[in-house]
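Whatever order the structure lists them in is the order used to number ligands and atoms, beginning at 1. Please read these numbers as outputs of a predicted model, since none were measured by experiment.
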Amino acid sequence: MKNIRAVYPGSFDPVTYGHIDLIQRSAALFDQVIVAILKNTEKTPLFTVEERIEMLNSSISDLGNVSVASFEGLLVDFVEKVGASVIIRGIRAVSDYEYELQMALMNRRLSNKVETVFMLPAEAYSFLSSKLVKEIAELGGNIDGFVPPEVAKRVRAKLGKPGQSTC
Ligand code: PNS
């Protein structure tokens, strides 16, 4: 029986219910799942990597085979370093596919030991993204249905928006 370790990489700025749905599905499919946050020096994130790790850890505490890490450099190098053989990426809509296909084929070119597996989140989250969550919160909208309560609290605190109106 194979022991398959998978890496679910991303920015997770912040983690949403869509990410959590994919983590749960991946945890049911693979022996071990490592959620890997990219330390991206180009983007200006809302949360530090440490804050994102904290929010992810509190969101996945019920899943025994999932851990959270951060990485820099090439994703395939990180995947090989942690002894994983699978990269998980979520596809929400056809619009995600072209970029994801390009990345998956490039990663395969960079390492033929690593396979990318595309997974679909629940339809209820097919429109959800960290970017929209931040935009809604910034404009005073209610993000409670999109991220866990602890994350919603932190987003509002970061943006200095204590109140919430229905979106
Ligand atoms: O959640 P995101 O921001 O869409 O995740 C993108 C991520 C982190 C998966 C991608 O930017 C990545 O893998 N970066 C690491 C650098 C790398 O390996 N680049 C070559 C990819 S083909």
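If you check which protein heavy atom lies closest to atom 7 (C) of ligand 1, you get R89 NH1, 4.3 Å. In this structure, the protein non-hydrogen atom closest to atom 1 (O) of ligand 1 is S11 N, 3.1 Å. The closest protein non-hydrogen atom to atom 20 (C) of ligand 1 is L74 CD2, 4.1 Å. Taking atom 11 (O) of ligand 1 as the reference point, the nearest protein heavy-atom neighbour is L38 CD2, 4.0 Å.
Between N107 and ligand 1, a contact under 3.5 Å exists for no N or O pair.
Classification of D13 and K131 as a salt-bridged pair fails, no side-chain N sitting under 4.0 Å from a carboxylate O. For the pair D21 and R25, the salt-bridge criterion is met [side-chain N within less than 4.0 Å of a carboxylate O]. The pair K153-D144 does not count as a salt bridge, with every side-chain nitrogen at least 4.0 angstrom from each carboxylate oxygen. A salt bridge links E150 and R154; the closest N-O separation between the charged side-chain nitrogens and carboxylate oxygens is under 4.0 Å.
Distances shorter than 4.0 angstrom do not occur between any heavy atom of Q102 and any atom of ligand 1. Residue contact annotation: G73 has a non-hydrogen atom under 4.0 Å from ligand 1.
If you look at L75 next to ligand 1, the close heavy atoms, those under 4.0 Å, come from the backbone and the side chain alike.
With hydrogens and angles left out, the side-chain atoms of S111 and E80 include a donor and acceptor closer than 3.5 Å.
For ligand 1, the atoms lying closer than 4.0 Å to a non-hydrogen atom of M106 are 22 (S).
A distance-only check finds no donor-acceptor pair linking the side chain of R89 to the backbone of Y8 [under 3.5 Å].
Taking only non-hydrogen atoms, the option from K39, M103, E72 nearest to atom 22 (S) of ligand 1 is M103.
At least one side-chain heavy atom of I34 sits less than 4.5 Å from a side-chain heavy atom of F78.
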